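As the structure is a computational prediction, the values presented were derived from the model and not from experiment. Because only heavy atoms are used, hydrogens play no part in the values below, and waters and symmetry mates are left out as well, while side chains stay in.
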Amino acid sequence: MPEYIELAFNQPMSRISSTYQTLKRHNRTALVTFVTAGDPDPAATPDIMHALVRHGADLLELGVPFADPMADGPTIRRAHQRALAQGVALPDVLEMVTRFRRTDSHTPVLLMGYLNSIEAFGYETFAEQAAAAGVDGVIIADLPPEEAPLLNRQLRARAIDQIFLVTPVTSAPRIETIAGLASGFLYYVSVTGTTGGKRPDTQAVARKLHSLRAVTELPLAVGFGITDAATAAQLAPHGDAVIIGSALVERIHDAAQAGADLHAGIGAFMAPLRAALDEAA
């Protein structure tokens with residue numbers, strides 16, 4: 001039996017798994033929010049994370065700034081560029097998580113990034129420092145499952161979930177490989193293309209999620225192309241979580257540019273999303 005599978009049997013329940021179980025007991029769909037770490041201001045990121053939790057986010061996804069974020073559309077690409085221009089790198093992102101953890105020990109925090117940033121650390125060092133900071137999960141957009149076991153082993157040894165992307169064109173054999181490596185949840189990319197693109201086809205998403213449940217017991221989260229409460233509500237009955245990113249990143253940037261209250265802007269954006277998901281449940 002592969003070592004990463006053996007580790008899974010002894011791995012303590014992560015904050016991600018615990019959160020999904022609690023939400024399932026209460027018949028609630030998880031709201032996962034993505035922001036780019038360091039945008040619009042590195043000092044503001046932990047406060048933005050807290051604001052998102054106060055306004056209904058169940059899990060937080062932090063984008064690690066990278067020069068060529070290939071899975072991301074124009075909105076998030078610009079956010080990466082703004083953060084990089086302020087010197088934000090992976091060590092800074094880990095420090096932001098550490099600051100957030102000083103007053104929030106229960107909300108799951110995931111990092112979404114690209115392999116170069118982690119390879120610069122080394123897998124073991126990255127896993128150690130991520131665990132020490134309070135990171136619960138990692139999404140690496142450009143790491144194929146066939147090359148993932150080395151990092152997967154380091155993460156599992158420290159109770160960090162590795163979340164994998166499944167797309168509309170992922171083959172059945174590849175999905176089985178992913179299901180064997182993944183923990184926490186599976187991230188279903190609801191459209192072909194990058195973040196912030198076209199709206200998803202709800203019926204097509206529902207069919208795909210139904211087929212995924214036949215090969216995994218992990219929760220299923222739906223992301224890409226979800227820009228408003230109406231779309232989130234349509235997808236909520238079919239998945240365990242809805243992920244929203246580009247629309248939120250744009251709202252935060254616009255508020256910062258206008259000199260508006262970021263917390264108020266986040267609240268106004270989040271309220272209809274949270275209400276729509278709860279009503280759909």
Side-chain angles (χ1 to χ4, degrees), residues 31-53 55 57 59-97 99-100 107 109-118 120 130 133 135 137-142 163 165 187 189-191 193-199 221-228 231-232 242-270 273:
L31 177 55
V32 184
T33 56
F34 171 96
V35 294
T36 301
D39 180 54
D41 173 11
T45 295
D47 288 339
I48 289 172
M49 295 166 70
H50 286 301
L52 289 167
V53 174
H55 293 293
L59 295 89
L60 302 176
E61 188 181 330
L62 274 185
V64 179
F66 186 62
D68 184 23
M70 63 182 68
D72 294 300
T75 296
I76 294 178
R77 280 179 172 269
R78 288 191 290 268
H80 279 259
Q81 291 165 3
R82 291 191 294 267
L84 289 170
Q86 299 180 82
V88 178
L90 181 52
D92 305 294
V93 179
L94 294 176
E95 175 59 26
M96 294 170 192
V97 178
R99 288 165 53 198
F100 174 77
T107 303
V109 176
L110 299 86
L111 302 185
M112 180 170 181
Y114 295 84
L115 189 58
N116 278 7
S117 301
I118 294 172
V135 172
V138 175
I139 305 168
I140 306 169
D142 59 345
I163 289 86
L165 304 175
Y187 187 137
V189 176
S190 64
V191 298
T194 58
T195 57
K198 60 186 178 182
R199 291 175 181 268
V222 183
F224 284 51
I226 303 169
T227 59
D228 54 30
T231 306
V242 169
I243 303 169
I244 190 153
S246 294
L248 174 60
V249 169
E250 187 170 26
R251 176 64 67 93
I252 291 172
H253 173 67
D254 289 347
Q257 287 292 99
D261 185 328
L262 287 182
H263 288 219
I266 289 170
F269 180 83
M270 293 283 289
L273 283 167

Item checked: Rounded distance (nearest 0.5 Å) linking atom CE of M112 with atom CG of L165 -> 5.5 Å
Note to self: For a quick test of reading the model, state the closest non-hydrogen atom pair linking P65 to G63 and the distance between them.
What the structure shows: CD-O, 3.4 Å
Note to self: So, using salt bridge (charged side-chain N to carboxylate O under 4.0 Å, His left out) as the criterion, who are the partners of E250 when residues are at least two apart?
What the structure shows: none
Notebook entry, point to check: Rounded to the nearest 0.5 Å, how far apart are OG of S246 and CD1 of I76?
Noted result: 3.5 Å
Notebook entry, point to check: Considering residues at least two apart in sequence or located in another chain, which fulfil the side chain to side chain contact (heavy atoms under 4.5 Å, CB included) criterion with A264?
Noted result: D261
Notebook entry, point to check: Looking at residues at least two apart in the chain, or sitting in another chain, which of them share a side chain to side chain contact (heavy atoms under 4.5 Å, CB included) with P40?
Noted result: I48, I252, A256, L262
Checklist line | Side chain D92, main chain A89, donor-acceptor under 3.5 Å | finding: yes
Margin query: Which residues pass the side chain to side chain contact (heavy atoms under 4.5 Å, CB included) test with L115, not counting sequence neighbours?
Written below: E119, Y123, I140, D142, L143
Margin query: Show, in sequence, the C-alpha distance, side-chain angles and deciding distance for V138 and I118, and conclude whether the side chain to side chain contact (heavy atoms under 4.5 Å, CB included) test is met.
Written below: CA-CA 11 Å; V138 175; I118 294 172; 4.3 Å; yes
Next item on the list: Could you tell me whether the side chain of F224 reaches within less than 4.5 Å of the side chain of I243, counting heavy atoms only?
Entry: no
Next item on the list: Write out all pairs satisfying ring-ring contact (aromatic ring centres under 6.0 Å, His included) with one or both partners inside residues 73-95, taking only residues at least two apart or from two chains.
Entry: none
Next item on the list: Please step through side chain to side chain contact (heavy atoms under 4.5 Å, CB included) for the pair V135 and L110, ending with a clear verdict.
Entry: CA-CA 6 Å; V135 172; L110 299 86; over 6 Å; no
Next item on the list: Could I get the full list of side-chain hydrogen bond (donor to acceptor under 3.5 Å, both in side chains) partners for T107, not counting sequence neighbours?
Entry: D104
Note to self: To the nearest 0.5 Å, what is the distance between CG on L59 and CG on L52?
What the structure shows: 12.0 Å
Next item on the list: Kindly compute the distance separating CG (L60) from CG (L111), expressed to the nearest 0.5 Å.
Entry: 11.0 Å
Next item on the list: Without swapping roles, check the side chain of T45 against the backbone of A37 for a donor-acceptor pair under 3.5 Å.
Entry: no
Notebook entry, point to check: Is Y114 reaching over with its side chain to a backbone N or O of A71, donor-acceptor style, under 3.5 angstrom?
Noted result: yes
Checklist line | Interatomic distance, L273 atom CG to L248 atom CG [nearest 0.5 angstrom] | finding: 8.5 Å
Item checked: Residue pairs passing the ring-ring contact (aromatic ring centres under 6.0 Å, His included) test where at least one lies in residues 31-53, sequence neighbours excluded -> H50-F100
Note to self: Run the side chain to side chain contact (heavy atoms under 4.5 Å, CB included) test against R78 and tell me which residues pass, sequence neighbours left out.
What the structure shows: P74, T75, Q81, R82
Checklist line | Exam field: side chain R251 to backbone I266, donor-acceptor pair closer than 3.5 Å | finding: no
